Structures are given as C-alpha cells and as structure tokens.
Amino acid sequence: MKLTLVDRAIAQFDPHRALARATARLRLDALGAMPSIGATADGGYTSTSGTDSFLTRWITRPRSAGADTLRQLPSLRAQSRDLVRNNPIAASAIHTNVSRAIGTGLAYSPQPHLATLGWSPEQGAQWAAEVAAEFSLWADSTECDWSGEQNFYGLQDLVTRSKLESGDCFTVLPDGKRTTTMPYALRLQVLEADRIGNPGGVADTAAVSGGVRRAADGGLISGFHVYDTHPGVAHLVQGQRYAGRWIEPVGSSGRRRMLHNFKRLRPEQPRGVPYLAPVMGMFKLIADYTDAEVKAAVISAWLTLVIETPTGAGLPQIFGLQQPLPGAVANSSGQAQQPTADLEMGPGHVLSLAKGESAKVVNPGRPNPAFGDFVQAVLDQLGAGLFIGPELLMKKFNTSYTAARAAFLDAWKHLLDVRTGTARDFCQPVLETWMAEAVILGRIRAPGFFNDPRLRWAYTRAAWRGDSQGSLNPKDEVAAMREAIDGRLITHEHACWELFGQDWHQSYPQVVAEQAQLKRDGIAPVPRAGAAAAPAGKEGSPP
C-alpha cells in the first residue's frame, strides 16, 4: 500500500500517528471497505493490484536493463561459476547445452548467392569447395588462437560455455605473425566477462556502463574498456586492478576488432546475464537440502544409544568401570564424573546395565520417504526454467517413447537457439573478417568483394552445421528422410546433416568410390526382394 501525500507529511513530524493511519487504512482495505491506493478499478491486472494483502509487500519499480542487472552481475557470475564447479545438476545444465548445441564444433558450409553473383550451380559448388578448404587451413590449426592452444572449433565451445556461465564474453581479433604454415594474420583471443569494466572501476554513467561505451546519442557502441589482467587476481594492488585500455569494435578501415558475445534479453541491455541466474537460488537450496538428507541417512546407518541413569551422571557399568578414572571430576552430588569413552558394539554382543539404567536407540528417521518426490518436483521446475526439461537435465529417460521424443524435440528448439547464437555473434563475424584477408592476399577469388556491399554479402553467406540431434528410432527416421528426399522436399545435404552430422558434399565422392570398388570386386549389395530395379547402366550407383 502506498502512503498518501498527507501521510508522508505527518510521518515527518509524528511517525507513530502516520503508522496508525496507514494501519487503519490497510485494515479497511482488507475488509473491502475502501479502494486501495493505486489499485486499478477499470479492468486492470487485478492479480497484482494492491487489493490483495498478500501482494502488498511485493515492491517493484520499472528500471532500465542496466539498472536491473549491472550492480548484481559480479555476484551472479561468481555464484554461477561456483554452482558449475560444485553442483552436479548445474554442471549438467551447462554441459548439456554446450555438448548438444556445439558438440564437436559448427562446420562452415559456404552458401554463395548464385543469382547475385551470376553463377551456375556448378560454378557455385566449385567455388564453395575451394573456400571451405581454404578456411579449414586456418580454422583447423591452433595458430588461429592468440594463445596457440585451441583451434576454431574449440574456441566455439569456449565462447558458448563462457556465455552461459558468465552471461557474456568478448573476442578480440588481433593480427599475429604470418608463418610458413599459417599464411593468415587473423588471431582470436577470448576474454572472460570480468576483463571488461569501467576505467578505474568507477560507477556507471549514461555514456559508459559495464565497460561498454556508447555514442553520445546512445546508439552505436564506440568502445570496450579491457583491463590489462583479470581484476580477480589476488596479488594486484588497487591501482593495477582496473587499469586497461579502450578497444573499438570496428577499426577505421572497417575491420572488426572486437566482438561482444551474449544473448540480449532486453532492449538497450549493456551486458549479458548468466544462464543459471533465474534458478540459482533454487539450485543452492536444493543442493543444501540434498546434502543434509544424505548426511542424515549416513548418520541413521550408525547405531546410537542413549544410556539413562538414575543420577544422570557417571558411566554405566556396561563400560566395565568400577573405579573412577584418573582425571575424573566430582559432580554436584559428590560422585566422580567419569571422562567420556566410546561404546563399541558388535554382532552378538550382550551388554549389561545397572539397576535403574535403560538404553534407548536414537533413530533420526532417515532416509526421508518423501525426499524423492519432493526433489523431483523441484527438478521439474529447474528443467522448465532452463528450457531443456528435467529429462535432459538429469539424463533420465524413463517415460514412454512418445513423451521422451516430445521432451527432446522441445529441448532441441532451445539448443538450436544456443547454436544459432554462437553462429551469429561469433562464427559469422570471424568468417567475414577472415575472408576479407583471404581476398586481399589473393588466396580466394572474389571479384568486387570490396566494391559492392551486396557482392560481399553474396560471397560471405554461410550455413553453420553442427552435430545431429541424435536418433531415438533410426530406422523410422531414416525412412522418413528418404521419403522426404524422394518427394523433393529436402536435399541430400540437409538429410545428411540432420541424421549424421556430416557434409554430404564431402561424403558423396567417397560413397561413389566405394560403390565402384564393390562392383569391380563383384560384391555389390544384392537388391532386396521387391525393391525396384536400378535403371540401365546405373547398377551399384549410390542413392
């Protein structure tokens, strides 16, 4: 409930009276005797209006994307990374996204726009094969990495994982040295999210927020402030912690210099938010609860006895002690208080108790019979919040084929979104930068590349193919693909990527060679009964 102007004025001089007025109004509001201040009476959203006393403590304000996220980002990143390191379910969420969406890496498949270039399909296929081979020369080598540790496909994995764990990451595109084994100077350097921040660690402003500087009109990004080293390094002094330099995303020549890799969830959002952010609190609580239940179950496996004595002091006779032990201290009744000792029990042991003494077994009542159902209910919510479902999150498929297939297909939509995000904000910009250098060096033939923006677009069009989604019923899915091909609904290339994650243009020549060799050796496959005969002169030809 909001205070009126009069209430706020009274509160300045007489807080107790203002509180009494507010309390009385709240009681009347609960009884329905008067409309709530700020409540909607014209058909608004009644579920969140002030008329519900349970929602009066829900205080929110509409703020910008930066105001809602930037101050919390350091703690969100730290908590997200801690969960991935120490929580097996959180680690499963991140690894499932990366392994399913990126896997062994997204392969470059050139798709030149034939109409714009005026090429025939044969010319386009020949040019695409040459460019794909040339790109592999750079992408397959660890020399494309500034640190020389990963090739282009390993960097895809790193970028995607960093985006999910930290919310975003940055890729610098510096020039290295050309060598006898690497004719290209383009290198890639992936920076963690913490490496970009405001100069000197100062507060955000309208011009610079989260280390991102925008133009005066709030439009294009004009620079990223990169710290010289990670500010979390322990040995750094305050003056060194936030020292760095500005890097423009695009140089004066038009060449890209830096990429910001993250998923934008709101307009004008300056930095990315960790993938686990909406569910981190629940992850931590369910982990603590599970840990407590496991420890209680372990304790319940031990046999614990409580010996009750008439005086409440001294060790019972089952310890075989008749005289006070050295160091015993007298209690309030004058009896010697024995030092503690352990009671050892074993199979078939008979223990005697003194008159008036009794033994009781302590049973904590574990394991909790409701533990599994409760945790599963929480995992259902976590799976929904992570968009992959509880089945993929827990790697547990114990439902029917139809239900498992539906869950997998639903999760695949999210995984395709993750794959597409990496392709758009990392792979494609890197390809365009690489191709510009390849054209300058004369290693790729692309007339008009720098003269006409549309020609440049036509040359750099690409599809980024990844591993297949897998198959729950390979026989039926292959048959469905064959029918789609026969019906001219899809291409062989599309089917090959979808089913096996392979490039049909690369596998087709090998299939032709294998079929020819089988025919020469006289061991070509025998057609199945009822199968249509191959056209004349086409025996043994590949499908």
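Because the structure is a prediction, the values reported are computed rather than measured.
- With hydrogens and angles ignored, the 3.5 Å screen pairs no side-chain donor or acceptor of Y184 with any backbone N or O of E437.
- With hydrogens and angles ignored, the 3.5 Å screen pairs no side-chain donor or acceptor of T422 with any backbone N or O of T160.
- Side-chain atoms of L83 and M280, non-hydrogen and from C-beta on, do get closer than 4.5 Å to each other.
- Between the CG atom of L220 and the CZ atom of R213 there is a distance of 12.5 Å, given to the nearest 0.5 Å.
- Y227 places none of its side-chain heavy atoms less than 4.5 Å from the side chain of D194.
- Looking at every heavy atom in both residues, S222 comes nearest to A215 through OG-N, 4.3 Å.
- Under the 4.0 Å criterion applied to side-chain N and carboxylate O atoms, D68 and R266 are assigned as salt-bridge partners.
- Other residues, nucleotides and ligands contribute more than 12 heavy atoms inside 6.0 Å of the CZ atom of R461.
- Expressed to the nearest 0.5 Å, how far OG1 of T229 lies from CD of Q240 amounts to 9.0 Å.
- Salt-bridge formation is detected for the pair K263/D417: a Lys NZ or Arg NE/NH1/NH2 atom is positioned less than 4.0 Å from an Asp or Glu carboxylate oxygen.
- H260 and P270 make their closest contact through CE1-O, 3.3 Å (heavy atoms, listed as atom of the first residue, atom of the second, distance).
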Side chain to side chain contact (heavy atoms under 4.5 Å, CB included) between H492 and I485, worked out
CA-CA 7 Å; H492 286 82; I485 293 174; 3.5 Å; yes

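- Salt-bridge formation is not detected for the pair K163/D168: no Lys NZ or Arg NE/NH1/NH2 atom is positioned less than 4.0 Å from an Asp or Glu carboxylate oxygen.
- A salt bridge does not link D425 with R264: none of the charged nitrogens is closer than 4.0 Å to a carboxylate oxygen.
- Rounding to the nearest 0.5 Å places CG of N398 at 8.0 Å from CD of E391.
- Ring-centre distance between F408 and F397: not below the 6.0 Å cut-off.
- Taking 4.5 Å as the limit, every side-chain heavy atom of R187 sits out of range of all side-chain heavy atoms of L173.
- Checking side-chain atoms of N86 against main-chain N and O of D82 turns up a donor-acceptor pair under 3.5 Å.
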Apply the test side chain to side chain contact (heavy atoms under 4.5 Å, CB included) to residues L393 and T96: give CA-CA distance (whole Å), side-chain angles for both, the deciding distance (0.1 Å), then the verdict.
CA-CA 7 Å; L393 179 64; T96 296; over 6 Å; no

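- At least one side-chain heavy atom of W146 sits under 4.5 Å from a side-chain heavy atom of P174.
- For the ring pair (Phe, Tyr, Trp, His ring centres under 6.0 Å) with W464, the qualifying choice from Y153, Y108, F426 is Y108, the only one to do so.
- N198 and H225 share no side-chain donor-acceptor pair at under 3.5 Å.
- Interatomic distance, CD of Q189 versus CG of L155, reported as 10.5 Å (0.5 Å rounding).
- Residue-environment remark: CZ (R405) exceeds the threshold of 12 foreign heavy atoms within 6.0 Å.
- Between L431 and T460, the shortest heavy-atom contact is CD2-O, 3.8 Å.
- Here the closest non-hydrogen pair linking S109 and Q111 is OG-NE2, 2.9 Å.
- Applying the 6.0 Å contact sphere to NZ of K395 captures more than 12 heavy atoms from other residues, nucleotides or ligands.
- Rounded to the nearest 0.5 Å, atoms CZ (F283) and OG (S80) are 9.5 Å apart.
- The aromatic rings of F152 and W138 sit tilted, their planes meeting at an angle between 30° and 60°.
- The 12-atom threshold is exceeded at CZ of R255, counting heavy atoms of other residues, nucleotides or ligands nearer than 6.0 Å.
- A salt bridge does not link E165 with R77: none of the charged nitrogens is closer than 4.0 Å to a carboxylate oxygen.
- V279 and L382 make their closest contact through CB-CD2, 3.7 Å (heavy atoms, listed as atom of the first residue, atom of the second, distance).
- Side-chain contact check for F170 versus L259: every heavy-atom pair is 4.5 Å or farther apart.
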What do the steps show when you test V226 against M258 for side chain to side chain contact (heavy atoms under 4.5 Å, CB included), and what is the final call?
CA-CA 11 Å; V226 182; M258 193 166 180; 3.5 Å; yes

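- Checking D467 against T104 by side-chain atom types alone, a donor-acceptor pair falls below 3.5 Å.
- A donor-acceptor contact shorter than 3.5 Å links the side chain of Q156 to the backbone of L106.
- Cation-pi contact between R100 and W412: absent, since separation from the ring centre below 6.0 Å together with deviation from the ring axis within 45° is not met.
- The line from CD1 of I102 to CG of N97 is 9.5 Å long, rounded to the nearest 0.5 Å.
- Side-chain atoms of S209 never come within 3.5 Å of backbone atoms of T205 as a donor-acceptor pair (strictly under, hydrogens ignored).
- Between N151 and E143, the closest side-chain pair of non-hydrogen atoms is not below 4.5 Å.
- V84 is not listed as a side-chain neighbour of L164, based on a closest heavy-atom distance of 4.5 Å or more.
- Counting heavy atoms from C-beta on, the side chains of P249 and F224 come closer than 4.5 Å.
- By the 4.0 Å N-to-carboxylate-O rule, E192 lies close enough to R81 to be salt-bridged with it.
- Environment of NE2 in H95: sparse, with no more than 12 heavy atoms of neighbouring residues, nucleotides or ligands closer than 6.0 Å.
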Under the side chain to side chain contact (heavy atoms under 4.5 Å, CB included) criterion, do T171 and V159 qualify, and how do the steps go?
CA-CA 8 Å; T171 305; V159 167; 4.2 Å; yes

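- Using the six-membered ring where Trp is involved, H414 and F387 have ring planes that are tilted, between 30° and 60° apart.
- Taking the six-membered ring for Trp and thresholds of 30 and 60 degrees, F371 and Y289 have ring planes inclined between 30 and 60 degrees apart.
- Side-chain contact check for R271 and T69: no donor-acceptor pair (N or O, by modelled atom type) lies under 3.5 Å.
- Using a distance-only test at 3.5 Å, with no hydrogens or angles considered, a donor-acceptor pair links the side chain of S162 to the main chain of L158.
- Here the side chain of S141 pairs no donor or acceptor atom with the backbone of C144 at under 3.5 angstrom.
- Minimum interatomic distance between V233 and R241 (heavy atoms only, all atoms of both residues): O-NH1, 3.4 Å.
- Between H113 and W457, the angle of the ring planes lies from 30° to 60°, which puts this pair in the tilted group.
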